[in-house]
Amino acid sequence: MRDEFDFEPADADLDAIEAEEPLISAELVWLDAEITLLAAIDRDAVSDLDHRRVRRAEARVIRETFAHVARLTRTPGPRRAA
């Protein structure tokens, strides 16, 4: 009997992950900037650089989100929910 989780991802699944990779990377950078800011707040040592890093990371996530949506709407064929 085959387990429902005992299979390799399909090529379409891997392609979807690859297409989302820039957005995932941007979100990870944003998360890292948020964690760094929270740690600085905890140490009572927040700098302007910490705030700028978060704003830049947020802006990158927004850009990558728009780019990802644009790629999805330009790509012919079946669309998958994210």
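Sequential numbering from 1 along the given sequence is applied to the chain's residues.
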> Below 4.5 Å, heavy atoms only, C-beta onward: do L14 and E18 meet side chain to side chain?
Replying inline: no

>> I'd like to check the side chain to side chain contact (heavy atoms under 4.5 Å, CB included) partners of E27; sequence neighbours left out, ordered by chain and number.
In response: L23, V61

With a 3.5 Å cut-off and sequence neighbours excluded, list the donor-acceptor pairs that the side chains of residues 34-48 form with protein atoms.
{"unit_1": "E34", "atom_1": "OE2", "unit_2": "W30", "atom_2": "NE1", "d": "3.4"}
{"unit_1": "T36", "atom_1": "OG1", "unit_2": "D32", "atom_2": "O", "d": "2.9"}
{"unit_1": "R43", "atom_1": "NH1", "unit_2": "A39", "atom_2": "O", "d": "3.4"}
{"unit_1": "S47", "atom_1": "OG", "unit_2": "L49", "atom_2": "N", "d": "3.3"}
{"unit_1": "S47", "atom_1": "OG", "unit_2": "D50", "atom_2": "N", "d": "3.3"}
{"unit_1": "S47", "atom_1": "OG", "unit_2": "D50", "atom_2": "OD2", "d": "3.3"}

> Of the non-hydrogen atoms in A26 and E64, which two are nearest, and what is the gap between them?
Replying inline: CB-CG, 3.9 Å

>> Going by side chain to side chain donor-acceptor pair (under 3.5 Å), name the residues that satisfy it together with E21, two or more places apart in sequence or in a different chain.
In response: S25

> What pair of heavy atoms forms the shortest contact from R71 to A19, and how long is it?
Replying inline: NH2-O, 3.3 Å

>> To the nearest 0.5 Å, what is the distance between CD on E58 and CZ on R55?
In response: 8.5 Å

